[in-house]
*Asks:* 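Take this structure, written in structure tokens, and hold onto it; I'll ask about it next.
Just follow the structure's listing: the first ligand is 1, and inside any ligand the first atom is 1.
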Amino acid sequence: MSSYAEEIKRVTTHTLQEMKMRGEKISMLTAYDFSMAKIVDAAGIDAILVGDSASNVMAGYETTLPITLDQMIYHASSVVRGVSRALVVVDLPFGAYQGNSSEALRSTIRIMKESGAHAVKVEGGKEIRESVERILSSGVPVMGHLGLTPQSIYKFGTYVVRAKEEEEAARLIEDAKMLEACGCFAIVLEKIPAKLAKKVSESLKIPTIGIGAGAETDGQILVLHDMLGINKDFNPRFLRRYADVYEVMTQAIGNYVKDVRARDFPNQNESY
Ligand code: KIV
């Protein structure tokens, strides 16, 4: 007997761990809505992050700070409905876990219950240790995020590469080891030197997922709107554009506008 569930083998946190052990690279992208998530999943992605970058690319804010827990749950539940294979990880937004570990657990439980996602991601190291432990103790898988952590942009003051100096690099390595020891299933390394990312990846058993962290992390993640060329205003060195969807869409919409104005659309075959 073959069922839909048997045909599509879901990616779990264990799958990612096994991929690292086999030396297979992990592919991850962000998604924020049903239709895009469906396409990303169908294309064979291993994991999808419902990133708080939704604050930038979906809502048009300058930073990730304004997005709320309710808004993240809305995006996450839309993504989950579009996915049949990939692991779905959801960012705990700024303000939903920094207060204390009870708040972190409450926010996590809301995400898991109301969206149906599979795991959460949090930014930071030892300063959020208690929250990470509390979430993990409830049975929810946690992904860490170190290096350039956009929720702390006003502390950093700039989006430049992090941990170039020895002291910050040493702190990052310590934080990565601490997150692994707590039981995190993976860690995002954002915008750090490739040499440091390689060292961290080699010193951990859990997978690292890099963005602007070179080729030696166990996997890669990009923001969907950036790699598809929907958002053309963001051009960091680490970004590879795989399409020019902005161009494709403006062309298509422009043609539609032209056809409507010329009374060419709809034609007889497109009418009842
Ligand atoms: O919110 C996000 O999209 C992220 C990725 C850049 C890792 O955290």
*Asks:* Compute whether any side-chain donor of one residue and acceptor of the other, for Asn235 and Arg241, lie under 3.5 angstrom apart.
*Replies:* yes
*Asks:* Can you tell me which residue among Ile111, Asp91, Val88 is in a side-chain contact (heavy atoms from CB on, under 4.5 Å) with Val50?
*Replies:* Val88
*Asks:* Going by atom types alone, do Gln98 and Gln151 pair a side-chain donor with an acceptor below 3.5 Å?
*Replies:* yes
*Asks:* Indicate whether any N or O donor in one side chain lies under 3.5 Å from an N or O acceptor in the other, for Glu18 and Thr15.
*Replies:* no
*Asks:* Ring-plane angle category for His75 and Tyr32, please: parallel below 30°, perpendicular beyond 60°, tilted otherwise.
*Replies:* perpendicular
*Asks:* Contacts table for ligand 1: protein N or O within a distance under 3.5 Å of ligand N or O, distances only.
*Replies:*
from: ligand 1; atom 1: 1 (O); to: Asp52; atom 2: N; distance (Å): 3.2
from: ligand 1; atom 1: 1 (O); to: Asp52; atom 2: OD1; distance (Å): 3.0
from: ligand 1; atom 1: 1 (O); to: Ser53; atom 2: N; distance (Å): 3.1
from: ligand 1; atom 1: 1 (O); to: Ser53; atom 2: OG; distance (Å): 3.3
from: ligand 1; atom 1: 1 (O); to: Asp91; atom 2: OD2; distance (Å): 3.1
from: ligand 1; atom 1: 3 (O); to: Ser53; atom 2: OG; distance (Å): 2.5
from: ligand 1; atom 1: 8 (O); to: Lys121; atom 2: NZ; distance (Å): 3.0

*Asks:* Have Asp33 and Ser78 got a donor and an acceptor in their side chains that come within less than 3.5 Å?
*Replies:* no
